[in-house]
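To start, the structure itself, in structure tokens.
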Amino acid sequence: MRTQVVIIGGGPSGLLLGQLLHRKGIETVILERKTRDYVLARIRAGILETGLVNMMREAGVSERMDRECFVHHGTCISYENEMFDIDFHKLIGQNVIVYGQTELTHDLYDAREAVGAKTIFEVEDVKICDADRDAPYVTFNSGGVEQRIDCDFVAGCDGFHGVSRTTIPDTVRKDFEKVFPFGWLGILSETPPVHDELIYANSNRGFALCSMRNENLSRYYVQCALTDKVENWSDEDFWDELKRRVPEAIADKLVTGPSIEKSIAPLRSFVSEPMRWGRLFLCGDAAHIVPPTGAKGLNTAASDVHYLYEALVQFYQDNETNGIDHYSQKALARVWKAERFSWATTNLLHRFPDQSEFDLKMQRAEIESLHYNEVAQKWFAQNYVGLPY
Ligand code: FAS
Ligand code: PHB
């Protein structure tokens with residue numbers, strides 16, 4: 001088998017890259033470890049930056065997103081019984097949209113199948129070979145049969161636990177990591193959202209987030225201990241704890257109901273450099289992870305896709321290598337800014353086990369300056385809606 005670009009990973013990064021390249025006549029094969037249903041059952045991001053929305057439109061996969069999404073002109077931050085709005089539209093004339101990663105991934109799978117582009121599911125034992133040479137190839141096992149695909153390039157879109165990142169030798173790669181001492185317990189419930197915008201809550205009991213997917217599908221999170229287990233939390237326990245962490249006026253109007261999904265995600269900041277080794281390019285969670293506080297995970301994967309897509313089109317159409325030669329540098333410049341915002345918002349809104357009284361005073365002072373200082377709010381708004389590509 002031969003193709004131009006082998007994409008490892010059929011998550012949003014791989015699918016979006018594949019769809020964009022297809023529309024430029026560049027052939028790809030996606031290798032996905034799981035089944036399509038398994039990938040679509042994962043509940044993840046909910047906020048899309050304008051950059052990602054524009055790429056979905058360029059990929060020709062935005063019809064349902066444009067029809068069903070919520071446009072959010074701002075977000076709310078609460079601290080104990082106080083709550084304030086950061087109005088992106090008023091401050092910087094921009095917004096974000098609420099459209100679940102699950103839906104976005106579903107749309108991309110449908111689009112890929114509609115154009116007949118090749119995706120091989122349930123692959124095993126994927127190996128990237130000769131990535132540092134001019135004729136890379138990928139071997140894998142499918143249905144018990146060893147297979148090989150020769151290609152020009154490999155896009156490692158296989159997430160944090162994939163094989164792409166570690167294909168880059170330890171002598172070349174440098175990883176940067178910070179593990180946070182808590183996780184997020186999230187639930188999905190078929191209930192109306194408690195507020196028309198998201199609420200990021202800082203409380204003396206820990207962080208909480210009120211989010212949504214549509215007018216009758218809500219997504220909520222509470223900060224929990226790393227040792228916590230989903231089975232320790234009944235739905236009632238969750239709702240009671242959420243009510244303790246948001247302002248009374250919000251708790252009073254919260255509509256509760258049975259959870260249809262419940263999971264705990266650990267929080268970490270992680271970046272692996274470089275994001276290119278020879279003809280292998282890392283994209284998305286394969287190269288970096290952020291705590292979801294700043295809603296940057298999926299959106300930073302999108303900017304990687306943007307840079308790699310542009311670079312590969314330039315190579316195939318203009319026989320230019322400037323884009324691919326500068327891919328890692330360009331992608332990392334934006335990645336680190338997203339890491340900074342995600343780290344800063346996580347420190348601002350969570351309770352840390354080792355926080356002193358002084359630390360709590362500093363956290364409170366920072367939230368209050370965000371509440372009353374327009375310059376601080378503009379910085380938050382510019383980062384939350386997404387820095388330019
Ligand atoms: P993904 O991990 O989504 O996709 C990688 C794909 O590669 C997977 O389908 C996997 O099965 C496949 N794969 C792995 N190894 C392979 C191999 N060896 N061979 C073939 N295929 C392989 N971001 C936010 O912005 N907001 C959130 O609320 C949020 N919540 C999250 C919750 C959890 C539990 C996790 C893990 C992440 C969350 N994220 C969130 C971040 C998330 O949205 C990612 O940024 C996004 O999925 C990145 O997409 P990909 O880079 O495509 O990686
Ligand atoms: C979500 O809706 O899942 C979500 C929204 C914003 C975040 C994190 C998660 O910052």
Side-chain angles (χ1 to χ4, degrees), residues 6-18 29-49 52 70 72 75 96-102 104-105 108-109 119-128 138 140-142 154-167 183-188 193 197-200 207 209-214 217-221 261 263-268 270 282-305 338 341-342 345-346 349 384 386:
V6 171
I7 298 174
I8 301 177
S13 297
L15 289 163
L16 179 56
L17 178 64
V29 172
I30 291 183
L31 301 178
E32 168 51 52
R33 179 167 61 178
K34 300 291 188 183
T35 62
R36 171 184 162 141
D37 289 347
Y38 184 99
V39 174
L40 292 175
R42 293 187 304 225
I43 306 298
R44 292 205 175 151
I47 298 290
L48 308 189
E49 295 175 355
L52 174 48
F70 288 166
H72 278 205
T75 194
V96 292
I97 77 160
V98 174
Y99 189 68
Q101 175 175 320
T102 307
L104 177 142
T105 308
L108 286 166
Y109 266 123
T119 305
I120 304 174
F121 291 101
E122 298 183 279
V123 297
E124 294 179 331
D125 198 20
V126 172
K127 290 189 180 65
I128 302 163
V138 176
F140 62 97
N141 189 299
S142 174
V154 180
C157 301
D158 47 351
F160 187 67
H161 301 290
V163 295
S164 300
R165 182 174 68 251
T166 49
T167 297
W184 280 15
L185 167 65
I187 73 161
L188 202 59
E197 285 185 345
L198 271 62
I199 303 172
Y200 288 84
F207 171 79
L209 172 60
C210 303
S211 185
M212 62 197 71
R213 290 292 180 271
N214 62 46
L217 192 59
S218 297
R219 180 72 168 160
Y220 294 103
Y221 298 92
E261 192 272 351
S263 55
I264 291 180
L267 271 63
R268 78 174 78 235
F270 176 88
L282 304 184
C283 238
D285 279 20
H288 44 74
I289 297 285
V290 286
T293 323
K296 291 294 151 233
L298 175 60
N299 291 299
T300 309
S303 49
D304 295 347
V305 168
F341 181 68
S342 305
T345 47
T346 301
L349 298 169
Y384 194 91

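If you're wondering where the values come from, they're calculated on a predicted model, not measured in any experiment. Whatever order the structure lists them in is the order used to number ligands and atoms, beginning at 1. Quick note: numbers below take in every heavy atom, side chains included, and nothing from hydrogens, waters or symmetry partners.
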Judging by distance only, is a nitrogen or oxygen of [X] under 3.5 angstrom from one on ligand 1?
X: Asp285; value: yes
X: Ser13; value: yes
X: Leu298; value: yes
X: Gln101; value: yes
X: Gly297; value: yes

Heavy-atom distances under 4.0 Å are what count here, so tell me which part of [X] touches ligand 1: side chain, backbone, both or neither.
X: Pro292; value: side chain
X: Phe121; value: neither
X: Ser263; value: neither

Original post:
Under 3.5 Å, is there a donor-acceptor pair between the Thr293 and Thr346 side chains?
Top reply: yes

Original post:
For atom 2 (O) of ligand 2, which candidate among Ser342, Ser211, Cys210 provides the closest heavy atom?
Top reply: Ser211

Subject >> Closest candidate by heavy atom, reference atom 10 (O) of ligand 2, pool Pro292, Ser218, Pro291 >> reply: Pro292

Original post:
Are Trp184 and ligand 1 in contact, using a heavy-atom cut-off of under 4.0 Å?
Top reply: no

Original post:
Does Glu124 come within less than 4.0 angstrom of ligand 1, counting non-hydrogen atoms of the residue?
Top reply: no

Subject >> Any Lys296 heavy atom less than 4.0 Å to ligand 2 >> reply: no

Original post:
Identify the closest protein heavy atom to atom 3 (O) of ligand 2: which residue and atom is it, and at what distance?
Top reply: Tyr221 OH, 2.6 Å

Subject >> atom 6 (C) of ligand 2: nearest protein contact (heavy atom, Å) >> reply: Tyr200 OH, 3.3 Å

Original post:
Which atoms from ligand 1 have a heavy atom of Val126 less than 4.0 Å away?
Top reply: 19 (N)

Per-residue contact class, [X] against ligand 2 - non-hydrogen pairs under 4.0 Å:
X: Ala295; result: both
X: Leu209; result: side chain
X: Arg213; result: side chain
X: Trp184; result: side chain
X: Leu198; result: side chain

Original post:
Do you know which two heavy atoms are closest between Arg42 and Thr102, and how far apart they sit?
Top reply: O-OG1, 3.2 Å

Subject >> Over all atoms of both residues, closest heavy-atom pair of Gln101 and Arg44 >> reply: OE1-CB, 3.5 Å

**OP:** State whether Phe140 and Arg33 meet the cation-pi test: NZ (Lys) or CZ (Arg) under 6.0 Å from the six-membered ring centroid, and within 45° of the perpendicular axis.
**Re:** no

